[in-house]
**Student:** 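Dropping the structure in here first, questions after.
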2 protein chains.
Amino acid sequence: MVCSDVTLDDLVDFHAGIDDFDYSHGATLFGMGAPTEAVYCIRGGAVKMVRFDAAGGERIVRVLKVGDVAGFESAFADNYEHAAIAVGEVRACRIPIVYFRRFVAEHAGLQARLLEKSQAALREAESWLTELVGGTTPARTRVARLLLRLRVGSGDRIHRFSVDDMAAIIGSTPETVSRAVSEFVRQGLLVKGGSGAAKRHFRGDIAALEKVSQDG
Amino acid sequence: MVCSDVTLDDLVDFHAGIDDFDYSHGATLFGMGAPTEAVYCIRGGAVKMVRFDAAGGERIVRVLKVGDVAGFESAFADNYEHAAIAVGEVRACRIPIVYFRRFVAEHAGLQARLLEKSQAALREAESWLTELVGGTTPARTRVARLLLRLRVGSGDRIHRFSVDDMAAIIGSTPETVSRAVSEFVRQGLLVKGGSGAAKRHFRGDIAALEKVSQDG
DNA sequence: CGTGTACTTGAGTGGGCTCAAGCAGGGTGG
DNA sequence: CCACCCTGCTTGAGCCCACTCAAGTACACG
């Protein structure tokens, strides 16, 4: 993880302006097209990376979880390519772009690490292309696959996105997602979290979901 | 373009084993899961990057054209993540992986260039996610968008992929693609190339296709 | 307790998938 | 040179999933 890298920890030690921030549900870390002024290390929660098409419809192209770095794709461009929006409570550390660029320029090891990050993101995007979106795969299967990808760590807790968000990921409609999720809940594959912070999570029967995710 | 970089041209000059090769339609540059042993700079034609899902069905996640580098995503892994398959006649130069890795290690500038390449590929993949695949967008619109992305340079020539390939890109079926393409041909938006090498190309009415690609 | 937001559920329709013929074109062998 | 086949494209008919439109419901928040 870039943030825990020694050289970047040095950055935190020696410069002011880098601190952890909290973002509440729906808060915007940065907007699509806004001038690039920082990258963010996600320390907790989930962040959706959003693109808007010509018609103004939103499409989620990636989901960031703890350890991911938001905005690094645009670190050497003038403007952000996506909007980054918090889903549930999010904690992130903000690194002003000038510090970030200086450090990358000065430390060769960081470049290799960035390349890894970029290729991991590419792998993830391709994975979405093959497994999650459209194709000829039934919607319920794709919803199951998505839920498995939204797991927190390797337990049975699953980030609970809104039906609209899930639809914007798998390329479907809120109604269709709702029907699939409701059915999973009825069948006991999914349990909605109670109140408070737990509201933003499911408990999932991972084994059963994996069964559904294999199409048939 | 990585291949035209001075340092990589030096590589070509000083080492044997690097030459241009020709591949005919359907030829495999490398297979998915095969041991990584080279990267390829595309000098002409088009190459499809393919992933196979559990059911054995193929899905095309990216298309490489002149100037792109095939296999660099796997340059630091043991095995290729995709298969790379020629569409029509392809000319490419083959760089053995040991040379490639040595050069990247020795020349810091190349790392930055690789990072750019990786991020460009990421952008492209996200672009496919938002514009090309599934969603709620009608198939004819998506076919039009795909055709525009398959343009050779900035003229009216378009790489002519098989209906199966196009279906594997937009996440549809060969029949549906065929219906859309046939209609474009009937309407004169698309002209099939004659014989010989031209068989692998369309001539497209770019302006009209762009109109169709904007949904309505 | 009212209001707003998000989700759920229902009925109806249509786009595209499926299944299944028919049809070019190009390569091969007689 | 032609008949043949083989591969890839086209076209048709029927059906079903999922999108659309539209209520109705749950829940949070002021």
Side-chain angles (χ1 to χ4, degrees), chain A residues 24-26 55 57-59 85 87-89 132-144 146-147 160-187 190-202 212 215-216, chain B residues 24-26 48 55 57-59 85 87-88 132-144 146-147 160-187 190-202 212 215-216:
Chain A
S24 53
H25 179 67
E58 83 172 49
R59 182 89 191 221
I85 298 173
V87 177
E89 293 302 306
L132 248 35
V133 296
T136 211
T137 317
R140 38 160 11 67
T141 307
R142 277 146 57 209
V143 171
L146 172 56
L147 288 167
R160 183 176 171 188
F161 280 48
S162 73
V163 288
D164 294 84
D165 282 348
M166 294 200 214
I169 293 175
I170 68 169
S172 182
T173 60
E175 293 92 336
T176 299
V177 170
S178 173
R179 280 182 243 271
V181 170
S182 297
E183 185 186 324
F184 291 154
V185 170
R186 271 193 297 274
Q187 295 172 343
L190 223 49
V191 180
K192 290 180 180 173
S195 57
K199 276 280 294 295
R200 295 269 162 220
H201 295 274
F202 291 115
V212 177
D215 202 349
Chain B
S24 52
H25 179 67
K48 57 179 178 180
E58 82 172 51
R59 182 89 191 221
I85 298 173
V87 177
L132 249 36
V133 296
T136 211
T137 316
R140 34 180 308 96
T141 307
R142 278 146 56 209
V143 171
L146 173 55
L147 288 167
R160 181 175 171 189
F161 279 49
S162 73
V163 287
D164 294 83
D165 282 347
M166 295 200 213
I169 294 174
I170 67 169
S172 183
T173 59
E175 293 91 339
T176 299
V177 170
S178 173
R179 280 182 241 271
V181 170
S182 297
E183 186 185 325
F184 291 154
V185 170
R186 271 193 296 273
Q187 296 172 344
L190 221 51
V191 180
K192 290 179 179 172
S195 57
K199 276 279 295 294
R200 295 270 161 220
H201 294 274
F202 291 114
V212 177
D215 203 349

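The chains referred to below are lettered A, B, ... by the order of the sequence lines, with proteins before strands, and numbering in each begins at 1. Bear in mind the structure is a predicted one, so any value in this text is a computation, not a measurement.
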**Student:** Would you indicate whether the side-chain heavy atoms of B:F184 and B:L147 approach each other to under 4.5 Å?
**Tutor:**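 Yes - at least one pair of side-chain heavy atoms lies under 4.5 Å apart.
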**Student:** So which heavy atom on B:H201 is nearest to which on B:R160, and how close?
**Tutor:**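 Closest pair (atom of B:H201, atom of B:R160, distance): N-CB, 3.6 Å.
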**Student:** Which atom pair, heavy atoms only, marks the closest approach of A:R142 to A:T137?
**Tutor:** NH1-O, 3.0 Å
**Student:** Let me have a per-nucleotide readout for nucleotides 25-30 of chain D, 5' to 3', with B, S or -, counting only protein heavy atoms under 4.0 Å.
**Tutor:** ---S--
**Student:** Return the minimal non-hydrogen interatomic distance between A:I169 and A:R59, and the atom names on each side.
**Tutor:**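 Smallest heavy-atom distance, with atoms named: O-NH2, 3.5 Å.
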**Student:** Which heavy atom in A:P174 sits nearest to a heavy atom in A:A167, and how many Å separate them?
**Tutor:**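 Of all heavy-atom pairs spanning A:P174 and A:A167, the closest is N-CB, 3.6 Å.
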**Student:** When the axes are fitted on five pairs at both termini, how much does the helix from C:dC1-D:dG30 to C:dA21-D:dT10 curve, in 10° steps?
**Tutor:**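 Comparing the axis at each end, I get an angle of 40°.
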**Student:** Which atom pair, heavy atoms only, marks the closest approach of A:E58 to A:D165?
**Tutor:**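 Taking A:E58 first and A:D165 second, the nearest heavy atoms are OE2-OD1, 3.8 Å.
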**Student:** Does A:E89 have any side chain to side chain contact (heavy atoms under 4.5 Å, CB included) partners at least two apart in sequence or in another chain, and if so, which?
**Tutor:** A:S24
**Student:** Can you name the closest pair of heavy atoms from A:G26 and A:I85 and give their distance?
**Tutor:**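 It is O-CG2, 3.7 Å.
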**Student:** Just jot down the side-chain hydrogen bond (donor to acceptor under 3.5 Å, both in side chains) partners of B:R140, sequence neighbours excluded, or say none.
**Tutor:** B:E183
**Student:** Go along nucleotides 6-21 of chain C 5' to 3' and tag each nucleotide: B for a protein heavy atom under 4.0 Å from its base, S when only backbone or sugar atoms are that close, - otherwise.
**Tutor:** -SBBBB----SSBB--
**Student:** Anything under 3.5 Å between a donor and an acceptor, one on a side chain of residues 175-182 of chain B, the other on a protein residue two or more places apart or in another chain? List them.
**Tutor:**
{"residue": "B:T176", "atom": "OG1", "partner": "B:T173", "partner atom": "OG1", "Å": "3.0"}
{"residue": "B:S182", "atom": "OG", "partner": "B:S178", "partner atom": "O", "Å": "2.8"}

